[in-house]
There are 2 protein chains.
Amino acid sequence: MAEKLLGSIEAGGTKFVCGVGTDDLTIVNRVSFPTTTPAETMKLVIDYFKQFDLKAIGVGSFGPIDIHQDSATYGFITTTPKLAWENFDFIGALKKYFDIPIAWTTDVNAAAYGEYVAGSAQGLASCVYYTIGTGIGGGAIQEGQFIEGFSHPEMGHMIVKKHPKDTFVGNCPFHQDCLEGMAAGPAIEKRAGQKGQELPADHVAWAMEAYYIAQAVYNTTLLLSPDVMILGGGVMQQPQLLPKIRFEFEKMLKNYVKTPLLEEYIVTPKLGNDAGTIGCLALARKTAI
Amino acid sequence: MAEKLLGSIEAGGTKFVCGVGTDDLTIVNRVSFPTTTPAETMKLVIDYFKQFDLKAIGVGSFGPIDIHQDSATYGFITTTPKLAWENFDFIGALKKYFDIPIAWTTDVNAAAYGEYVAGSAQGLASCVYYTIGTGIGGGAIQEGQFIEGFSHPEMGHMIVKKHPKDTFVGNCPFHQDCLEGMAAGPAIEKRAGQKGQELPADHVAWAMEAYYIAQAVYNTTLLLSPDVMILGGGVMQQPQLLPKIRFEFEKMLKNYVKTPLLEEYIVTPKLGNDAGTIGCLALARKTAI
């Protein structure tokens, strides 16, 4: 009899990436579907997984989501601006077809878990993972547990100080000039009048970007002191950013805290775009035990 | 035979509070000694505890301290500005006289633990505790574990945005206008030209203070989502502050995250000035098992 597989769902605001893998976290198959309505998208997801003999599924979802196992709406996406998905019973929809253990967390927690188990935080006791792209999100893990309480973190909306030369007012619909409002992809584009990918590596936009991300790294260092800070997402694919962030961070910290070597402390995800899938597989593996 | 007792040491920068208590965390006896030099102060501490039959001691120390059990300097105070205490082997000094289990953490973690076990966070899964006094420090607990990684948190030095009407430049020797530089007791005094205790309750200084502390609560909410935020320390003894902080926090959050009711979420320590002692006793109790 063939070994049962693990299922992975990265539920993003734009697309769902579904995959299956083995206990050693090898991705065997992977597909993606556009995020439209729950009826449409979930049908594709369920039809996809019906092809396989699964023992557990790990889900990393866009949010906010309800993570409290004793809550009546556990497993729901809650108050998302994507209205078709508001109050959607994600785990309930899966359980109708797959009566197996299902792990449930945020998309960024799932990517953090992938890096914790098999990436840049492998062998360490704790990590924080930020994704900096269309939005900004963060997840934290200590000794295998997600940092959480009344809900999951929403690190992307922390307060930042404005770069002295920045005249952009910010574009977060909630907080205007929070981290996401000043440093997510759309903010870079609005400030510069063109897409980040089109800006030269020495454009002042990158100095500003590094200044904002360094503030996130700095505050996260003081609040969580993780063993490693992993910065992922589309914006971090600009290779000039990482050294600039380390430089700004060092200027802010002023040696107040003795961090690990910055080249080992502020890093990009070792698993790259696989962090989310591998994280969901690892969460599925954990819940299947 | 009488029951063995638990020992508690709150090692502060100004004074050491030593006490003994029972397994139900009743404080049986308590004294305090000025923080002068290790030789002087530790002699008083050791002579005090020699009077009792102890089974374990819990220490909450000013820092930074080394919390890594596998480190050669575990149990040391490390790079403190109080030079007489720099690189002082605190646990080593105790172990010479007391060959019993000794728990070791920061002063603010100890107070957080007191509130977690027997105070405002009792029965909850997580909490964050800030002390706002001569300095500002914070500690966090999730499921009985301190949040930590390469070191313990140093939450007091997070970045804050300046209040639009505040002309004070800040007085943190490291970061100038970080949270501690803008909102600890000495900052209040320097800004207003008189001690905080002497300022009327409707002085603009308190609106500014609330604005800065609310930023700390806001950022901590987004990074940790604790079940409760406990604000202690001398500055919080101004009763007009707590409602102002809740008000500013609500304005910043803009309903982005659904917190618990603010009257239950942003609170003062139920144990008051006993939080540290009770926390150290509880840590001693835990390490004695």
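Side chains are part of it too, since the values below use all heavy atoms of this structure and drop only hydrogens, waters and symmetry mates. Residue numbering restarts at 1 for every chain, and letters A, B, ... go by the order of the sequence lines.
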Check whether any side-chain N or O of A:Arg191 sits under 3.5 Å from a backbone N or O of A:Ala183 as a donor-acceptor pair, and report yes or no.
-> no

Whatever's closer than 4.5 Å to a heavy atom in chain B on A:Thr78 counts as neither

So, the part of A:Ser126 with a heavy atom under 4.5 Å from chain B: the answer is side chain

One should read off an interatomic distance between B:Ile65 CD1 and B:Tyr74 OH, to the nearest 0.5 angstrom, of 8.0 Å

Those residues of residues 135-159 of chain A that come under 4.5 Å of chain B on a heavy-atom basis, listed by number, are A:Gln142, A:Phe146, A:Ile147, A:Glu148, A:Gly149, A:Phe150, A:Ser151, A:His152, A:Pro153, A:Glu154, A:Met155, A:His157, A:Met158, A:Ile159

Most heavy-atom pairs under 4.5 Å with chain A, out of B:Thr220, B:Val257, B:Leu223, B:Asp227, belong to B:Leu223

Heaviest contributor of heavy-atom pairs below 4.5 Å to chain A, chosen from B:Asn255, B:Thr221, B:Val228, B:Leu253, is B:Leu253

Heavy-atom nearest pair, B:Thr268 first then B:Ser120, reads O-OG, 3.0 Å

*Backbone N or O of A:Thr73 within a donor-acceptor pair of the A:Ser71 side chain at under 3.5 Å?*
yes

(message) Closer than 3.5 angstrom, by distance alone: can the side chain of A:Trp104 be matched with the main-chain N or O of A:Ser61 as a donor-acceptor pair?
(response) no

If one checks every heavy atom of A:Phe174 against chain B at 4.5 Å, the contacting part turns out to be both

If one checks every heavy atom of B:Thr79 against chain A at 4.5 Å, the contacting part turns out to be neither

Heavy-atom closest pair (A:Tyr129 atom, A:Gly232 atom, distance to 0.1 Å) is OH-CA, 4.0 Å

When the 4.5 angstrom heavy-atom criterion is applied to A:Val128 and chain B, the contacting part is neither

Name each donor-acceptor pair under 3.5 Å that joins a side chain in residues 204-214 of chain A to protein atoms two or more places apart or in another chain, with its distance.
| residue | atom | partner | partner atom | Å |
| --- | --- | --- | --- | --- |
| A:Trp206 | NE1 | A:Pro200 | O | 3.1 |
| A:Tyr212 | OH | A:His163 | N | 3.0 |
| A:Tyr212 | OH | A:Asp166 | OD2 | 2.7 |

The reported gap from CD in A:Gln215 to NZ in A:Lys161 (rounded to nearest 0.5 angstrom) is 7.5 Å

When the 4.5 angstrom heavy-atom criterion is applied to A:Lys162 and chain B, the contacting part is neither

If one checks every heavy atom of B:Tyr218 against chain A at 4.5 Å, the contacting part turns out to be side chain

Under 4.5 Å to a heavy atom of chain B? For A:Leu124 that would be neither

Main-chain N/O of B:Gly12 paired with B:Thr35 side-chain donor or acceptor, under 3.5 Å = yes

TODO: Examine distances only and state if a side-chain atom of B:Arg246 and a backbone atom of B:Tyr265 form a donor-acceptor pair shorter than 3.5 Å.
DONE: no

query = Going by heavy atoms in the side chains, are A:Leu262 and A:Phe249 under 4.5 Å from each other?
reply = yes

